[in-house]
Amino acid sequence: MTRIPTPVTELLGIDLPIVQAGMSWASSCSALPLAVSNAGGLGVVAAGPMRLPDLARTLDEMVAGTDRTWAVNLPLHRADADEIIDLLLERRPPVLIASQGGPRRYLDRFHDVGTRCLHVVAGTEHAAKAAAAGVDALVVVGAEAGGHPPPTMVATQVVVRAVVTAVPDVPVIASGGVADGRGLAAMLALGAGAAQFGTRFLASAEASVHEEYKAAVVAAGVHDTRTVGRGLGVIRVLANGFAGRMLELEDSGADEDLRRKTFHSATLKDAALHGDVAEGKVEAGQSAGLVDAVLPAGEIVERIVAEYRAALLALPRPQDG
Ligand SMILES: Cc1cc2nc3c(=O)[nH]c(=O)nc-3n(C[C@H](O)[C@H](O)[C@H](O)COP(=O)(O)O)c2cc1C
């Protein structure tokens with residue numbers, strides 16, 4: 001088994017610095033995270049949209065399906081986040097990746113049961129606060145990302161370096177636009193200890209989204225995403241009818257009520273479960289333009305490692321005169 005040791009792989013006990021991003025619906029299941037963890041990366045169950053009994057069943061499947069490290073992503077804004085936290089404390093996942101909230105709410109309780117706690121941040125201030133609170137590692141998300149890019153829209157290349165410099169003692173996982181082994185090499189060169197891949201794993205055999213969704217990701221070019229929802233929680237989606245209407249309203253200065261109504265008239269669920277790629281929220285990153293095939297997740301991990309090796313070998317070495 002290939003290993004690429006970094007501070008993140010050492011912390012989490014994984015072979016490869018490859019994290020499959022928690023993605024609502026797409027990884028709200030065991031198949032994708034199991035495939036990634038069993039291939040040596042970190043598979044992440046996205047608890048975001050899951051009902052409590054479905055999450056409990058999925059956690060059982062994770063325990064039965066692997067003896068490797070895996071994680072649960074919990075967006076803390078969920079109305080019933082405390083119930084989910086109680087379930088997770090009972091089940092003790094190896095790793096928790098919390099997003100959209102502050103770490104103090106959960107950190108000590110998860111550390112007490114032996115769960116490693118990673119926190120998703122979008123900038124240096126947020127990162128410094130999470131580090132001071134005692135998180136084990138940070139997931140740093142840049143503007144290229146699918147789903148929820150940072151409101152400041154600072155690119156991954158820039159925000160990762162800023163956070164690594166500002167918080168040098170906490171391992172960092174870089175997220176947003178990474179997509180392949182060249183991206184992984186770039187992120188490790190910037191000082192991250194691993195990279196997180198969302199859009200790349202959306203186009204995997206095991207992702208639990210509709211085949212139309214996967215086909216739309218594969219068909220998209222690098223210019224085919226839009227960011228919509230200013231002031232409402234910006235999301236990056238593939239261009240479609242919904243994104244076009246939102247942009248028109250935003251560009252014409254429409255009042256917030258109308259923008260909010262239109263924003264909530266479309267859902268990720270419609271796109272992910274029912275294949276409504278024309279009018280749903282088809283969340284995906286700019287790197288959709290770098291993804292050209294739906295592949296088994298284990299093969300994606302192998303490809304990233306092969307591309308990473310090739311990228312390192314292709315780098316020019318300094319020649320001292
Ligand atoms: C379809 C989709 C759903 C997502 N759902 C979540 C989520 O539930 N929780 C979360 O923290 N991030 C979520 N994200 C963001 C990812 O975790 C990750 O940061 C992003 O996909 C990385 O960028 P990339 O897509 O360019 O690889 C989602 C992204 C996508 C594409």
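As the structure lists them, so they are numbered: ligands from 1, and atoms in each ligand from 1. The shown structure was predicted, so the numbers you read here are calculated from the model rather than taken from an experiment.
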Using a strict 4.0 Å cut-off to heavy atoms of Ser99, name the atoms of ligand 1 that fall inside it.
-> 10 (C), 11 (O)
Can you list the ligand 1 atoms lying under 4.0 Å from a non-hydrogen atom of Gln196?
-> 17 (O), 18 (C), 19 (O)
Where at least one partner belongs to residues 310-321, residue pairs that pass side-chain hydrogen bond (donor to acceptor under 3.5 Å, both in side chains), sequence neighbours excluded = none
Looking at ligand 1, does Ala21 have a heavy atom less than 4.0 Å from it?
-> yes
May I ask whether Ala26 places a heavy atom under 4.0 Å from ligand 1?
-> no
Does the N or O separation between [X] and ligand 1 drop below 3.5 Å for any pair?
X	answer
Gln286	no
His148	no
Tyr213	no

Nearest protein heavy atom to [atom], by residue and atom, and its distance?
atom	answer
atom 19 (O) of ligand 1	Ser175 OG, 3.0 Å
atom 25 (O) of ligand 1	Thr199 OG1, 2.6 Å
atom 13 (C) of ligand 1	Gly22 O, 3.1 Å
atom 5 (N) of ligand 1	Ser24 N, 2.9 Å
atom 31 (C) of ligand 1	Glu283 O, 3.6 Å
atom 30 (C) of ligand 1	Met23 CG, 3.7 Å

Measure from [atom] to every heavy atom in [options] and give the option owning the shortest one.
atom	options	answer
atom 26 (O) of ligand 1	Ala207, Gly285, Gly177	Gly177
atom 21 (O) of ligand 1	Ala288, Ala284, Gly198, Pro150	Gly198
atom 9 (N) of ligand 1	Val217, Asn73, Val44, Val19	Asn73
atom 29 (C) of ligand 1	Gly183, Gly146, Ala122	Gly146

Taking the side chain from Arg78 and the backbone from Ala47, do they hold a donor-acceptor pair closer than 3.5 Å?
-> yes
Between Ser175 and Gln196, which heavy-atom pair has the shortest distance, and what is it?
-> OG-NE2, 3.0 Å
Using a strict threshold of under 4.0 Å (side-chain N to carboxylate O), is an ion pair present between [Y] and [X]?
X	Y	answer
Asp15	Arg68	yes
Arg57	Asp54	yes
Arg3	Glu10	yes
Arg245	Glu248	no

Per-residue contact class, Ser287 against ligand 1 - non-hydrogen pairs under 4.0 Å = side chain
Are a donor atom and an acceptor atom from the side chains of Asp136 and His119 found within less than 3.5 Å of each other?
-> no
Any side-chain donor paired with an acceptor under 3.5 Å for Glu144 and Thr156?
-> yes
Within a reach of under 6.0 Å around CD of Glu61, are more than 12 heavy atoms found that belong to other residues, nucleotides or ligands?
-> yes
Mind checking what makes ring pair (Phe, Tyr, Trp, His ring centres under 6.0 Å) contact with Tyr308, not counting sequence neighbours?
-> none
